[in-house]
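Values below: every heavy atom of this structure, side chains too, minus hydrogens, waters and symmetry copies. For ligands, and for the atoms within them, numbers begin at 1 and follow the listed sequence.
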Amino acid sequence: MELEAYRPQSKLVTRVTRVERPRFPAFDAHNHLSEPFGGGWDHKPLPQLLDLLDQAGIAHYVDLDGGWGEPLLNAHLDYFKQPAPERFMVFGGVDWSQWPEKGELFPEWAAGRLRVQKERGAEGLKIWKGLGLQARDQQDQLVDVEDARLDPIWETAGELGLPVLIHVADPVAFFDPVDEANERWEELGQHPDWTFTSPPFPAFLHIMAGLAALVERHPQTTFIGAHVGCYAENLAWVGALLERCPNFYVDISARIGELGRQPYTARRFFLKYADRILFGSDMGPDLEAYRIIYRFLETDDEYFNYSPAPIPMQGRWHIHGLYLPEDVLEKVYFRNAERILWKHG
Ligand SMILES: [Zn+2]
């Protein structure tokens, strides 16, 4: 038998709790509605989506697929936000591809686009991982996450009250050689374009140092570090940044596979930073994916698959529930996002 065909079935007899709906109506602070991450709901009937969210117990949904220019943002605002304003928030973006053409005027131009996006209805700014990995300036130089030329963008977001949901780097193993020691070997085999082996790409910790410097330098701007502050593998590192920067928050999207295999450390992290953690899925409005996260946050179930797929995509490990107390669940599911994101009170 090839190792890839191996499908060990756990013989543990332990509790299996089915959590259909979250303990509190949830605010999904990190998700998508277009392809490839959001299930292409911009081409499906809205009532069907609203039913699905009702069924999942999702009260509010942040759609990060406003794109980098106004056409996509406008389309999402018209399709989701306008008919269901209490349900959705749509985030805008920065079009890094314009830098070579706009030259040194780019940062001010991009900051100006934020004003236009906010006026049109954008309620936040999504920064995709291209910053630090791909975005290049007019000299064709890779731009650092903390590049001071970009300060007008972060200052303007702060001034406009637009929270910045920022994803830089990727799982640590994506920066390692793709060999027998790589814990994401299978996932990288399926998505070779997610490989950022360093060199030639910048080192993972270089990008993370840039994120920390950026957040520290702009205390008036609210930053939400996607995927547990972009470093779910090292909660001590994320905790230290949360300690230093009261303007920093994290979402838990797409990282219960990391959190749930360090359940003691993760539980302590949730208890300590209960005011700074936002619920999020990043799996589109997928009922089963939501229910696994609810089970993870609420129960003390042991050793279960973190994914709806029989072979979890990120790696073949299992997770343990955190059985978080009620007050922490309420903050993580809803209160923190309500305070930080939802400006209508
Ligand atoms: Zn995402």
Side-chain angles (χ1 to χ4, degrees), residues 26-42 49 52-53 56 58 60-68 72-73 76 80-81 88-96 117 122-135 145 157 162-174 184 187-188 190-191 193-194 196 207-208 211 222-233 238 248-259 277-290 292-293 296 306-309 312-314 332 336-337 340-341:
F27 198 131
D28 188 342
H30 183 140
N31 222 322
H32 303 269
L33 286 169
S34 293
E35 295 290 0
F37 302 113
W41 281 94
D42 38 8
L49 172 60
L52 213 162
L53 295 178
I58 301 295
H60 304 291
Y61 189 104
V62 172
D63 166 28
L64 298 173
D65 288 344
W68 8 92
L72 204 52
L73 175 69
H76 277 235
F80 302 110
K81 179 75 184 177
F88 298 104
M89 298 176 73
V90 184
F91 279 30
V94 172
D95 185 359
W96 305 109
Q117 292 177 13
E123 294 181 270
L125 169 62
K126 168 76 197 291
I127 298 298
W128 296 71
K129 67 185 174 190
L131 178 61
L133 285 172
Q134 284 128 3
V145 171
L162 293 175
V164 180
L165 197 147
I166 182 163
H167 176 202
V168 296
D170 241 351
V172 185
F174 288 11
R184 301 261 190 161
E187 185 182 19
L188 290 172
Q190 283 163 21
H191 301 276
D193 55 316
W194 293 356
F196 304 114
I207 297 176
M208 294 309 296
L211 173 66
T222 296
F223 290 93
I224 301 157
H227 314 311
V228 198
C230 311
Y231 202 176
E233 295 91 337
V238 179
F248 188 57
Y249 300 84
V250 302
D251 78 52
I252 62 166
S253 68
R255 290 297 179 274
I256 63 169
E258 259 62 57
L259 295 168
I277 302 171
L278 308 187
F279 172 81
S281 152
D282 202 26
M283 300 293 151
D286 182 302
L287 208 48
E288 279 315 302
Y290 277 129
I292 294 169
I293 309 174
F296 166 64
Y306 60 87
S307 154
M313 188 187 80
Q314 294 174 327
V332 169
N336 295 337
I340 299 157
L341 302 178

Quick one: sort the Trp68 and Trp128 rings into parallel, tilted or perpendicular, breaks at 30° and 60°. perpendicular

Check this for me, if you would: do Glu123 and Lys81 make a salt bridge, where the nitrogen-to-carboxylate-oxygen distance has to be below 4.0 angstrom? yes

Would you please classify the geometry between the His30 ring and the His32 ring as parallel, tilted or perpendicular, with 30° and 60° separating the classes? perpendicular

N, O or S of His227 under 2.8 Å from the Zn ion (ligand 1): no

When you measure from the Zn ion (ligand 1) to the N, O or S atoms of His167, does any of those distances fall below 2.8 Å? no

Could you tell me how the ring of His167 sits relative to the ring of His227: parallel (under 30°), tilted (30 to 60°) or perpendicular (over 60°)? perpendicular

Atom name, Asp282 (N, O or S, nearest to the Zn ion (ligand 1)): OD1

